[in-house]
2 protein chains.
Amino acid sequence: MLDLTQDVRALTAAIVDIESVSGGEKALADAVEQALTALPHLTVDRSGESVVARTNLGRAERVLIAGHLDTVPVAANLPSRVEGDLLYGCGTSDMKAGVAVALRLAATVPAPNRDVTYVFYDCEEIEAERNGLTRVARDHPEWLAADFAVLMEPTDGMIEGGCQGTLRADVTVTGKRAHSARSWFGVNAVHGIEPVLARLNAYEARLPTVDGLEYHEGLNAVAVRGGVAGNVIPDECVVTVNYRFAPDLTIEQAEQHVREVFEGYRVSFLDAAPGARPGLTHPVAAAFTAAVGGTPRAKLGWTDVSRFSALGVPAVNYGPGDPNLAHQQGEYVSLPKIVESERALLNWLTK
Amino acid sequence: MLDLTQDVRALTAAIVDIESVSGGEKALADAVEQALTALPHLTVDRSGESVVARTNLGRAERVLIAGHLDTVPVAANLPSRVEGDLLYGCGTSDMKAGVAVALRLAATVPAPNRDVTYVFYDCEEIEAERNGLTRVARDHPEWLAADFAVLMEPTDGMIEGGCQGTLRADVTVTGKRAHSARSWFGVNAVHGIEPVLARLNAYEARLPTVDGLEYHEGLNAVAVRGGVAGNVIPDECVVTVNYRFAPDLTIEQAEQHVREVFEGYRVSFLDAAPGARPGLTHPVAAAFTAAVGGTPRAKLGWTDVSRFSALGVPAVNYGPGDPNLAHQQGEYVSLPKIVESERALLNWLTK
């Protein structure tokens with residue numbers, strides 16, 4: 001039985017030591033469900049390996065605190081070990097330290113000043129269709145109803161508002177095949193991407209301010225492919241571009257922008273995920289910001305806050321882990337940061 | 001037994017109907033060897049599935065007439081069939097019509113005005129290391145000694161002098177990986193090939209005249225590749241270029257030229273084959289040109305004439321087949337062209 005009365009640092013180590021690589025979260029989900037079900041002030045639901053627990057105090061506001069239970073594959077970095085102020089191990093920063101903070105709050109704040117929904121979900125580190133939050137949002141959207149959400153992704157204890165959207169598109173240039181010994185009978189599609197690359201090189205990325213936070217867009221080739229054989233003039237060349245767009249644009253607006261940049265070329269869209277506005281102008285977010293302190297900054301990468309945003313729930317990223325250590329073999333988390341994070345959220349939910 | 005006394009058109013059909021896809025030339029090589037061995041005026045040698053037959057009359061000059069026995073894979077185009085003036089079937093143009101002409105000359109000209117070496121070889125349509133001419137040149141270079149060679153590749157009855165050389169090289173641009181959400185921390189190698197493509201687009205190909213024939217060079221990208229993942233700024237992009245160079249340049253000079261074009265970039269050479277000078281200024285070649293007629297033109301593609309050139313034997317391409325039909329399912333050869341070719345060579349060797 002997971003002991004939620006122990007110090008948050010020890011609790012972090014305890015759940016790091018329950019291996020939970022994506023798809024293998026059952027043991028940890030069982031332990032979390034069992035520990036939360038034992039708490040009389042919480043209603044607990046489960047969907048697959050995701051666990052959702054709620055207070056039901058009839059407060060004017062409801063906030064949501066979420067963390068994923070899964071980790072990237074273990075890389076000979078379990079069990080956890082402490083060295084000085086650092087706890088080493090797979091998932092320490094991304095994001096079991098944040099999960100431990102949430103579990104501690106669930107256990108130790110039976111009567112928060114706002115109703116709280118705690119969400120612990122599976123399969124964040126892998127393809128979107130297996131993501132537990134996607135599944136819960138589809139099957140039980142009412143479980144996720146809230147006025148504001150905190151996603152405990154590693155942010156080094158900073159508030160990172162919203163997230164940028166992302167889309168990928170193929171820009172295709174066509175030509176005409178010919179034997180390379182008589183190349184003038186063909187039209188070389190690889191040569192033909194020069195103006196596409198020129199537009200990318202000349203591209204000036206927007207730095208828009210959205211809800212008070214400055215974002216930083218980017219439009220980049222992430223792949224290029226072309227070629228038929230070593231003696232053939234290629235008749236097709238495809239540049240795959242990735243547009244990271246600030247959350248003041250919808251996917252449709254972002255697609256339109258990409259079409260405009262590559263006007264005159266065939267553009268086909270491969271996939272897209274919307275951004276999420278930071279939502280820091282909402283009163284409950286302001287209270288959160290005041291409790292946590294620091295200057296909120298824009299989240300440039302894409303995270304699951306976008307899923308909350310899609311449900312109409314403003315959300316921020318905030319967690320004690322270090323984002324630069326995520327997915328690394330030498331991953332660790334600062335133990336004082338975990339304590340600090342617990343204290344800040346406790347302050348927010350009780351003051 | 002292959003009947004070399006029959007009309008050259010019928011002989012062509014007969015050898016087309018002995019299937020001889022590269023690697024499977026034994027039946028045809030056996031038939032050719034048997035038929036030539038029966039001729040008292042010829043000395044016959046064999047290496048693998050290649051057959052070499054020579055007159056030994058002590059003439060002042062020796063000429064060589066060569067053709068490959070193999071074909072590309074059969075594509076439901078055997079046995080051969082005649083429609084009007086056309087003989088359809090796998091290998092008709094490339095190059096059993098030429099082989100038939102050579103066999104007819106071997107059989108019907110016991111005392112040519114120049115000593116003649118007839119070479120029938122295997123595996124021309126596949127990788128160079130299996131090429132029968134490569135093998136004979138390595139194991140029995142004396143068999144190929146001659147003052148002039150005619151390679152009976154399909155040229156539509158025109159003399160095509162020499163051949164252009166070819167080399168391939170990778171031009172590599174490096175960058176620095178970064179997450180595409182924070183692309184400004186990286187250096188995009190795909191964007192970085194823009195100047196490489198600009199040089200290719202601005203490239204002005206030489207049209208040098210070599211031994212009286214005008215060649216036409218070409219420098220082209222034949223492939224491009226780059227990309228790590230859909231969310232990563234690529235740190236490497238490689239443009240594979242193919243330089244087709246006129247036979248006034250050696251491979252070393254051609255490589256130097258490519259290095260100069262892409263100065264400032266990493267260039268690594270993948271493979272190369274030398275060109276061959278047309279050699280039409282040689283007296284024996286002039287006699288050949290006079291006998292065959294027409295205006296010789298430059299051969300732009302690479303052919304085995306380069307192997308003769310490497311042995312110090314000037315060589316031209318000349319054959320009754322149509323080069324545009326080679327390797328096509330609907331391959332055919334014009335029957336009158338075969339007769340015309342036999343007549344021209346007969347003229348050359350007897351007048």
Side-chain angles (χ1 to χ4, degrees), chain A residues 163-168 175 178-186 188-203 205 207 215-234 237-244 270-271 299-303 323, chain B residues 163-168 175 178-186 188-203 205 207 215-234 237-244 270-271 299-303 323:
Chain A
C163 73
Q164 293 201 133
T166 178
L167 71 77
R168 288 189 312 141
H179 195 291
S180 64
R182 291 170 291 276
S183 52
W184 48 95
F185 290 130
N188 195 315
V190 173
H191 297 192
I193 66 168
E194 185 198 340
V196 172
L197 300 181
R199 293 187 198 181
L200 285 166
N201 279 320
Y203 187 77
L207 286 83
Y215 286 83
H216 191 154
E217 296 196 336
L219 177 62
N220 271 275
V222 289
V224 63
R225 63 177 189 278
V228 176
N231 60 353
V232 176
I233 300 303
C237 190
V238 180
V239 181
T240 304
V241 298
N242 180 212
Y243 180 33
R244 297 284 174 152
L270 305 174
D271 50 29
K299 184 72 176 180
L300 301 179
W302 193 91
T303 79
Chain B
C163 74
Q164 294 201 133
T166 178
L167 70 77
R168 290 188 310 139
H179 195 291
S180 63
R182 290 170 292 277
S183 52
W184 49 95
F185 290 129
N188 196 316
V190 173
H191 297 192
I193 66 167
E194 186 199 340
V196 172
L197 299 181
R199 292 186 199 182
L200 286 167
N201 279 320
Y203 186 77
L207 285 83
Y215 287 83
H216 191 154
E217 298 197 335
L219 177 62
N220 271 274
V222 289
V224 62
R225 63 178 190 277
V228 176
N231 60 353
V232 176
I233 301 303
C237 190
V238 180
V239 181
T240 304
V241 298
N242 181 211
Y243 179 33
R244 297 283 175 153
L270 305 174
D271 49 29
K299 184 73 177 178
L300 301 178
W302 192 90
T303 79

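Letters go in sequence order (proteins before strands), and every chain restarts at 1.
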Can you say whether [X] sits under 4.5 Å from chain B via the side chain, the backbone, both, or neither, judging by heavy atoms?
| X | answer |
| --- | --- |
| A:Asn188 | side chain |
| A:Ser180 | both |
| A:Val190 | both |
| A:Asp271 | neither |
| A:Leu219 | backbone |
| A:Glu194 | both |
| A:His216 | both |
| A:Val196 | neither |
| A:Ala229 | backbone |

Once rounded to the nearest 0.5 Å, what's the spacing between atom CG of B:Leu300 and atom CZ of A:Phe185? 8.5 Å
Nearest non-hydrogen partners of [X] and [Y], listed with the distance:
| X | Y | result |
| --- | --- | --- |
| B:Trp184 | A:Glu217 | CZ3-O, 3.7 Å |
| B:Pro195 | B:Gly192 | CD-O, 3.3 Å |
| B:Val222 | A:Gly230 | CG1-O, 3.7 Å |
| A:Cys237 | A:Ala189 | CB-O, 3.4 Å |
| B:Lys299 | B:Tyr215 | O-CE2, 3.4 Å |

So which of [options] has the largest heavy-atom pair count under 4.5 angstrom toward chain A?
| options | result |
| --- | --- |
| B:Leu200, B:Thr166, B:Ile193 | B:Leu200 |
| B:Asn231, B:Val241, B:Ile233, B:Leu197 | B:Leu197 |
| B:Ala221, B:Gly218, B:Cys163 | B:Ala221 |
| B:Ala198, B:Gly227, B:Ala181 | B:Ala181 |

Looking at chain B, which one of A:Leu270, A:Val228, A:Asn242 has the largest number of heavy-atom pairs inside 4.5 Å, strictly under? A:Asn242
Evaluation steps, side-chain contact (heavy atoms from CB on, under 4.5 Å), between B:Arg244 and B:Trp302: CA-CA 9 Å; B:Arg244 297 283 175 153; B:Trp302 192 90; 4.2 Å; yes
For the residue pair B:Thr240 and B:Arg225, establish whether any side-chain heavy-atom pair is separated by less than 4.5 Å.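 Result yes, sub-4.5 Å side-chain heavy-atom pair found.
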